[in-house]
Structure formats: C-alpha cells, structure tokens
Amino acid sequence: MFAKRPKPLLSFPKQQLSNPHFFFSTPTTFHTPLSSLPPRPSINQTKQAHAQIIVSGLGANASFTGHLLASLALSPSTPFAYSLSIFQTIQYPSLFASNNLIRCLAKSESPRESVVLYSCILGRNLIPNNHTYTFLLQACSKALAISEGTQVHTHVVKLGFCEDVFVRNALIHLYSACCRVECSKRVFEENGHCRDVVTWNSMLAGFVRDGRIGDAEKVFDEMPERDVISWSTMIMGHVQNGQLEEGLECFKEMREKGLRPNEAILVTVLSASAQMGLLENGRLVHSIVDSLNFPMTVSLGTALVDMYAKCGCIEQSKLLFHNMPRRDISSWNAMICGLASHGLGKEALALFERFINEGFHPVSVTFIGVLNACSRAGLVSEGRHYFKLMTEKYDIELEMEHYGCMVDLLSRAGFVDEAVELIEKMQAPPDPVLWATLLGACKIHGSVELGEKIGNKLIKLDPTYDGHYVQLASIYAKARKWEDVVRVRRLMVEQNTNKVAGWSLIEAQGRVHQFVAGDREHERSLEIYKMLETIGTRIAEAGYSPKISSVLHDIGEEEKENVVKEHSERLAIAYGMLVTKVGDCIRIVKNLRVCEDCHEASKMISMVFDREIIVRDYSRFHHFKEGKCSCLDYW
DNA sequence: GTAGGGTTAG
C-alpha cells in the first residue's frame with residue numbers, strides 16, 4: 001500500500017543524502033570494476049565466489065547475487081562500495097537483495113543513507129517486511145537518526161509489525177541509543193506478551209545507558225530469563241555508575257549460579273577491584289581467568305596490570321606487563337601510571353622512553369602518567385622537559401590534569417612562584433583544584449601568607465567544601481597560630497560545610513573491613529583498641545612522638561594525641577595486626593591523604609613489628625618497611 | 001532465503 005502513495009511519507013534531509021537513483025540505476029556492468037577495488041583479505045572468499053558466479057554465467061541471476069549480498073552483509077569489513085557494485089548488477093532487485101543492502105549500509109560508515117534506499121524500495125512498489133525494518137532501524141540507531149527513526153516507527157505501526165519481536169527490539173534499541181529511554185520504555189510496555197531475552201536486555205541497557213540504575217535493577221530482577229549479556233550489562237552498569245561493590249556482588253551472584261563470565265565481565269570486575277584496591281578479590285578474578293583458560297588478550301592483560309598496580313602489587317603488575325604476548329597503548333599507559341603511583345618515577349620515565357622507541361605515539365593519558373611520575377619522585381627538571389615535549393613535539397592539548405601534575409610538581413618542590421605563574425598563564429580558567437594543590441604545598445613549606453591568600457580565595461569560591469578550611473587551619477596550626485585555627489574552624493561550622501568522612505579499609509578473611517576515625521562499630525573493637533595501646537607503647541619506646549600539627553581542634557595536647565591515635569588507618573592497621581600472621585604484609589586503602597602523624601607512626605610500626613605496610617592513599621602508594629617509606633617522606 | 005541486545009583500560 002505504501003508503494004502506491006504518490007509521495008513517500010518520509011521527509012528525508014535529501015541535501016545530505018545520496019541521489020536515490022544511485023541505488024537503483026540498474027546498470028548491466030559493474031559500477032566499480034572489481035579490479036579497481038583495494039584487496040581486502042577478509043572478503044577474499046566472497047570475491048572468489050563472486051568471480052565464480054560471473055565465470056559460470058550466473059552473474060545476472062538475481063538469486064545468486066542476493067545471496068552474495070547476504071554473505072557480504074555478514075562480513076564486518078566489507079567496503080560498502082563493493083556491496084553496492086554487486087547490487088547494481090541486478091536489473092530488478094528483489095526485496096531480499098534490497099534488505100541485505102540496507103544491512104550492508106547499517107554496518108557501513110554512512111548508515112543514514114539506508115533511509116534513501118528504503119525510500120527507493122517504496123518507490124519501486126516493493127512491500128517492506130519485518131527484515132527491512134530490523135535492518136533499517138539498526139541503521140538509524142547507528143546514525144543516531146532519531147527523526148528518521150521515528151518516521152520509520154510510524155511505518156512499522158501502519159504496516160502492522162508492532163508485534164514482531166525483532167522489530168520491537170530494534171525500536172527499543174533505537175530510542176535508547178538516541179537518549180529517548182522513555183520512548184524505549186513505552187515500546188517495551190506495549191505488547192508486553194511479545195518479549196524475549198533480547199527485549200529485556202535492550203530495555204536493561206537503555207536504563208543503564210541513561211544512568212537509571214534503579215530502573216535497570218528492577219528490569220533485571222523481573223526478567224524471566226537472563227543470559228550472559230544480561231549479567232554483563234548489569235555488572236557494567238553498576239561499575240560504570242560508581243557502584244563498585246554492587247558490581248562485584250552481582251558478579252558473585254552470577255558465579256554462584258554457575259554461569260561462565262565473558263571477557264568484558266572479567267575486565268569490568270578487575271577494574272572495580274582495582275578502583276577499590278581489593279587485592280584478594282582481584283586475585284580471585286585472576287584465578288578465574290586462568291581456570292577458565294581465557295587467552296591473555298590485550299584487554300585482559302591490561303586490566304590485570306592495572307589491578308595489581310592499583311592494589312599495591314607493583315612487582316606482580318610489572319611481571320604481567322613484561323609477559324603480555326601483545327600490548328597496546330593502554331597497556332603501556334596502565335604500566336606507566338602504575339609505576340608513577342608507586343613513586344617509581346625513574347622507572348616510569350625509562351618505560352616511557354622504551355615506549356617511544358618502540359614506535360608508539362603518546363596520548364594525553366600517557367603524559368598524565370609521565371608528569372605524575374616526575375611529581376611523585378620530585379623530578380623537577382624532567383617534569384619541565386616532558387611538559388614542554390608534550391605540546392611542542394607531540395602536539396597534545398594541555399588538559400586540567402596536566403596542569404594539576406605540573407602545579408603539584410613545582411609547588412611541592414618549592415617552586416611555588418613558578419607554579420603560580422603557570423596557573424596565571426593558563427588560557428582556560430583554572431580549576432579550583434589547582435589552587436587547592438598550591439594550598440597543600442603552602443602547608444608543606446609553611447608559607448602562611450600565601451596560604452592565607454589562596455585559602456581565603458578557595459573558601460570564597462566554594463564555601464561549602466570543608467577541605468579548604470581544613471587545609472588553611474592546618475597551615476595556621478603548623479605555625480601555632482591557634483587563634484586563626486579557631487577562627488577558621490568556627491567559620492567552617494557556621495557555613496555548615498559538607499564533611500568528607502575519612503575512611504580506611506582492609507581486606508581480611510574474605511571480607512572488607514572499613515573504619516572511620518574513632519570507630520567502635522567493629523565486632524572486634526575491644527581487641528582493636530587493645531592492640532592500638534600495645535602499638536602505641538611499643539613505638540613510643542622506640543622513640544616515636546606524635547606529630548599533631550594536623551589536628552585542627554583547639555583542644556589540649558593529650559587529647560590531640562588521642563585523636564590522631566584513633567585515625568581510621570591506625571584502626572585498620574591494628575586490625576591487620578590482629579588477623580594476619582607475623583611477617584605478613586598489611587595492605588590498607590584510604591580515601592584521603594595520609595596525615596603526617598600516621599605516616600610517622602606507620603614507619604615506626606613497620607620497624608618495631610617487622611611488618612611491611614602498604615597504604616594506598618588518595619594520591620599514591622606508601623610502602624612502609626624497616627622504618628622507612630617508599631615516598632622518602634616526599635608526598 | 002535475511003535478524004536483534006552488552007566490549008572493558010588513568
């Protein structure tokens with residue numbers, strides 16, 4: 001019925017699309033001579049079959065040619081020009097051949113063209129079928145052509161394909177790809193009887209893509225059957241939306257059901273373990289990779305390198321990196337950044353040089369690793385050199401993170417004026433984080449005057465963030481300017497700021513134990529505090545005295561000591577001492593930076609109890625061993 | 001005679 005319409009329903013933006021006659025010009029010879037096409041090994045077999053068809057005189061047989069197109073549509077690397085040239089040899093293309101050409105277009109670089117071809121189908125009195133719409137909607141999704149897609153939807157309704165599960169699924173996918181998840185939901189809810197696992201997965205992916213994790217979970221709970229794609233969508237949904245624990249929990253549930261994960265799931269859960277610093281969990285995933293005989297692909301290898309580096313096992317990370325059968329730029333980036341986070345600056349720079357010598361071209365992230373490596377190891381002249389190199393030689397655009405590394409490097413090394421100059425010369429308005437970095441350096445160098453200026457500026461910029469008050473107050477505290485400490489603290493209370501609670505976690509006996517300062521919630525709290533006492537006595541005997549300048553409160557010295565003694569990482573270390581064997585390494589992850597006193601205490605604990613303690617703080621790793629820290633007190 | 005959903009890494 002559509003073919004009889006004088007004008008097609010669709011109003012395509014023709015100026016951007018091909019001439020419709022292009023598709024149905026019905027030439028009897030090839031539009032593009034076979035010999036002029038560049039050789040593509042992946043379609044060689046199809047070409048050979050094509051040649052056979054021509055040689056055997058079946059070139060004009062529409063059925064053979066239709067099948068040839070169908071096979072070309074299956075190959076992802078077929079150049080569209082080649083498929084088109086075959087299509088154009090058919091004098092009267094059937095719907096079958098036309099559908100397969102739409103399918104070829106859907107996979108091509110110009111999927112939007114498929115609507116023109118569709119329009120030609122209508123003009124040639126061919127009646128589209130369910131296959132036509134599946135391919136056409138797929139093409140509209142790829143082109144993010146919502147306007148054309150919506151018009152195609154009206155045709156679907158008029159032609160009565162609303163109950164075809166393939167067409168419905170393609171519609172749900174189209175709307176979610178074009179950020180119209182409410183429309184996806186409407187299609188999903190209409191004809192509710194007509195659903196299969198793909199329908200549910202498409203709706204699930206739609207909510208995930210839109211960040212509606214709650215709705216996605218509801219769909220996931222309600223779906224009558226789940227396949228590996230349902231699980232991978234849900235796990236990735238959690239992880240990509242920052243719900244790391246939920247992602248790991250979902251993975252665990254999947255494993256309990258006896259399902260085999262795919263590579264994407266494994267990479268995602270490795271990433272979640274890495275972000276949380278959960279070494280035991282990461283190791284478990286690694287053992288699954290091995291036991292299921294997954295090949296060590298670039299993605300899996302990179303995820304493992306990243307996980308071990310972020311969980312404190314830099315040696316294991318290096319070993320895996322060097323044994324990777326193949327690496328890509330991300331593998332190198334992960335390794336360079338990993339080395340940098342462990343303070344192995346020189347090693348990171350040496351690896352970067354090897355990377356260049358092997359012919360790789362660095363990207364923005366590579367330089368974040370390189371500049372971080374310089375900053376964490378105090379390599380000032382190297383930092384200046386690479387900062388220049390990235391723009392002048394590699395033409396990489398400077399981003400806020402690069403400035404962040406440079407400001408940190410310069411100001412911490414004492415070149416505060418140079419850092420200020422760098423910020424002031426920036427073309428884009430500087431992120432307050434840059435000033436906050438400078439403020440941190442002012443604390444290290446005891447620059448009260450500049451710190452005061454920057455601190456007040458930051459407080460004015462964001463009066464609700466407590467971090468700026470804390471930093472400024474600790475600058476005053478270090479200078480023993482208690483009146484100012486009290487004033488800033490009072491201001492902080494008056495402004496009703498949002499306090500970021502500090503926490504530390506430790507994995508032990510298959511569980512994650514998280515502590516906050518002064519925490520008494522843990523089931524073994526009494527023993528933990530007893531252990532804290534023992535630790536305190538033993539390290540005091542060895543010559544430790546508390547560094548309490550980081551304590552804000554205008555309280556007595558003794559009380560200050562108690563406050564730092566109960567910092568979250570002390571509680572985590574004490575718990576670690578309770579539950580691990582003598583000589584075992586204790587691994588802690590915390591969300592804030594290590595305070596000066598805890599850093600000193602950790603060094604002493606490592607010596608007195610002969611324990612290696614590895615702390616991942618907000619910005620880097622600290623390996624405490626035999627009374628020393630890998631950061632050499634430079635952090 | 002043709003079909004669909006999910007790809008990770010600082």
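Computation of the quantities below employed the complete heavy-atom set of this structure, encompassing side-chain atoms and omitting hydrogens, waters and symmetry-equivalent molecules.
- Salt-bridge formation is not detected for the pair A/Glu280/A/Arg587: no Lys NZ or Arg NE/NH1/NH2 atom is positioned less than 4.0 Å from an Asp or Glu carboxylate oxygen.
- Among the atoms of the strands shown, only primed sugar atoms or phosphate atoms (P, OP1, OP2) are found under 4.0 Å from some heavy atom of A/Ala205.
- As a whole-Å value, the separation of A/Glu263 CD from B/dT7 P is 14 Å.
- Regarding A/Lys107, its NZ atom lies at a distance of 11 Å from the C1' atom of B/dT2, rounded to whole Å.
- In the interface, the side chain of A/Asn262 is not paired with the base of B/dT7 through any donor and acceptor atom under 3.5 Å apart.
- Side-chain atoms of A/Thr302 and base atoms of B/dA9 include no donor and acceptor less than 3.5 Å apart.
- Taking the side chain of A/Phe96 as heavy atoms from C-beta on, and the options B/dT2, B/dA3, B/dT8, the nearest nucleotide is B/dT2.
- The separation between A/Arg327 atom CZ and B/dT8 atom P is 22 Å, rounded to whole Å.
- As a whole-Å value, the separation of A/Leu300 CG from B/dT7 P is 16 Å.
- When only modelled atom types and interatomic distance are considered, A/Tyr394 and A/Tyr386 share no side-chain donor-acceptor pair under 3.5 Å.
- Closest contact between the side chain of A/Asn100 and the listed nucleotides B/dA9, B/dA3, B/dT2 involves B/dT2.
- Among the nucleotides B/dA3, B/dA9, B/dT8, the one closest to the side chain of A/Ala264 is B/dT8.
- Contact annotation for A/Ser202: backbone-only contact, meaning every heavy-atom pair under 4.0 Å involves sugar-phosphate atoms and none involves a base.
- Rounded to an integer number of Å, the gap from A/Met307 CE to B/dA9 P is 14 Å.
- A/Asn99 comes within 4.0 angstrom of a base, heavy atoms only.
- Between A/Glu358 and A/Arg354, at least one side-chain nitrogen of the basic residue sits less than 4.0 Å from a carboxylate oxygen of the acidic one, meeting the salt-bridge criterion.
- Note that A/Arg124 lies outside the cation-pi zone of A/Tyr92, set by a 6.0 Å cut-off to the ring centre and a 45° limit from the axis.
- Using a 4.0 Å cutoff on non-hydrogen atoms, the parts of residues 222-253 of chain A near DNA chain B are A/Asp227, A/Ile229, A/Ser232, A/Thr233, ordered by number.
- Partner of A/Asp164 under the side chain to side chain contact (heavy atoms under 4.5 Å, CB included) criterion, chosen from A/Val156, A/Asn130, A/Leu159: A/Asn130.
- Taking the centre and axis of the six-membered ring of A/Trp200, the NZ or CZ atom of A/Arg226 falls outside the cone set by 45° and 6.0 Å.
- Spacing between atom CG of A/Leu72 and atom P of B/dG1 amounts to 20 Å, rounded to whole angstrom units.
- Distance CE (A/Met254) to P (B/dG6): 18 Å, rounded to an integer number of Å.
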Exercise for review: Decide ring-ring contact (aromatic ring centres under 6.0 Å, His included) for A/Phe352 and A/Trp332; before the verdict, give the C-alpha distance in whole Å, the side-chain angles of both, and the deciding distance to 0.1 Å.
Suggested key: CA-CA 8 Å; A/Phe352 172 75; A/Trp332 289 86; 9.7 Å; no
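- For A/Ser271, no side-chain nitrogen or oxygen approaches OP1 or OP2 of B/dT8 to under 4.0 Å.
- Each of B/dT2, B/dA9, B/dA3 was ranked by its minimum atom distance to the side chain of A/Asn129; first place goes to B/dT2.
- Among the nucleotides B/dG6, B/dA3, B/dT8, the one closest to the side chain of A/Thr268 is B/dT8.
- Within the 4.0 angstrom heavy-atom criterion, only backbone atoms of the sugar-phosphate kind lie near A/Leu74; the bases stay farther away.
- For the pair A/Asn130 CG and B/dA3 P, the interatomic distance rounds to 12 Å; values are reported in whole Å.
- Side-chain contact of A/Gln275 with A/Ser271: a donor-acceptor pair under 3.5 Å is present, judged by distance alone.
- In this structure, of B/dA3, B/dT8, B/dG6, it is B/dG6 that holds the atom nearest to the side chain of A/His173.
- Here the nucleotide nearest the side chain of A/His131, chosen from B/dG6, B/dT2, B/dA9, is B/dT2.
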